[in-house]
Amino acid sequence: MKPVYVLNGPNLNMLGLREPAIYGSASLKDVELRCHAHAASLGLTVDFRQSNSEGELVSWVQEARGKASAIAINAGAYTHTSVALHDALMAAERPAVELHLSNVHKREAFRHTSLIAPAVNGVICGFGVDSYVLAITALHSLITASKKG
Ligand code: DQA
């Protein structure tokens, strides 16, 4: 079984240090460990990555087409700006979930628009680290459904 790619965008390497009132005190390493443990409980594996570079994220989404079973992506601020990530996700033809730690709809207006949402199966936001767990659960359902179909 190919791994689920869990892709993290800009500034998520600062998790735990960055605005903890919004993003919590867990580090990205803590998030990664939760993802591996939850994926294993569902019989999945995770390839967990972070980049501050839009181009690198686009390349990873392209790579996912051949190498991943599904994609969970917290694109950080690129969520709100990146046509390139939208286009890469459209071309990936993999089950995909957009996720956010914070409830972006409760925050500044510029966070209310996602350019990548139309290119994924669904969006999860506002549950802190649990957003990652919920995204992996949703992808597990989509992968299972696609095998039955
Ligand atoms: C975020 C929300 C984005 O608006 C922000 O730019 C981030 C983190 C989140 O996980 O809540 O970097 O994606």
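Ligands are counted one by one from 1 in listed order, and the atoms in each one are counted from 1 as well.
- Among all non-hydrogen protein atoms, the one lying nearest atom 5 (C) of ligand 1 is R111 NH1, 3.3 Å.
- In this structure, the protein non-hydrogen atom closest to atom 9 (C) of ligand 1 is L101 N, 3.4 Å.
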Legend entry - Derivation of the salt bridge (Lys or Arg N to Asp or Glu O under 4.0 Å) call for D47 and K2: CA-CA 9 Å; D47 190 332; K2 292 172 180 168; over 6 Å; no
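- Atoms of ligand 1 lying under 4.0 Å from any heavy atom of H80, numbered from 1 in the order shown and given with element: 3 (C), 4 (O).
- Summarising the contacts of atom 12 (O) of ligand 1 with E98, R18, H100, the nearest heavy atom is found in R18.
- No donor-acceptor contact under 3.5 angstrom links the side chains of S114 and H100, judged on distance only.
- Only the side chain of N74 comes within contact range of ligand 1, with a heavy atom under 4.0 Å; no backbone atom does.
- Within the structure, ligand 1 has V104 among the residues with a heavy atom less than 4.0 angstrom away.
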Sequence neighbours excluded and cut-off under 3.5 Å, please list the side-chain donor-acceptor pairs for residues 26-33, or say none.
from, atom 1, to, atom 2, distance (Å)
S27, OG, K29, N, 3.4
S27, OG, D30, N, 3.1
S27, OG, D30, OD2, 3.2
K29, NZ, E32, OE1, 3.4
D30, OD2, S27, N, 2.9
E32, OE2, H36, NE2, 3.2

Taking only distance into account, with no hydrogens and no angle test, what donor-acceptor pairs under 3.5 Å do side-chain atoms of residues 11-23 form with protein atoms, sequence neighbours excluded?
from, atom 1, to, atom 2, distance (Å)
N13, OD1, Q50, NE2, 3.3
Y23, OH, R107, NH1, 3.0
Y23, OH, R107, NH2, 3.4

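- Taking atom 11 (O) of ligand 1 as the reference point, the nearest protein heavy-atom neighbour is S102 OG, 2.6 Å.
- Checked by atom type, the side-chain pair T79/E98 shows no donor-acceptor distance below 3.5 Å.
- The backbone N or O of C125 sits nowhere less than 3.5 Å from a side-chain atom of N103 that would complete a donor-acceptor pair.
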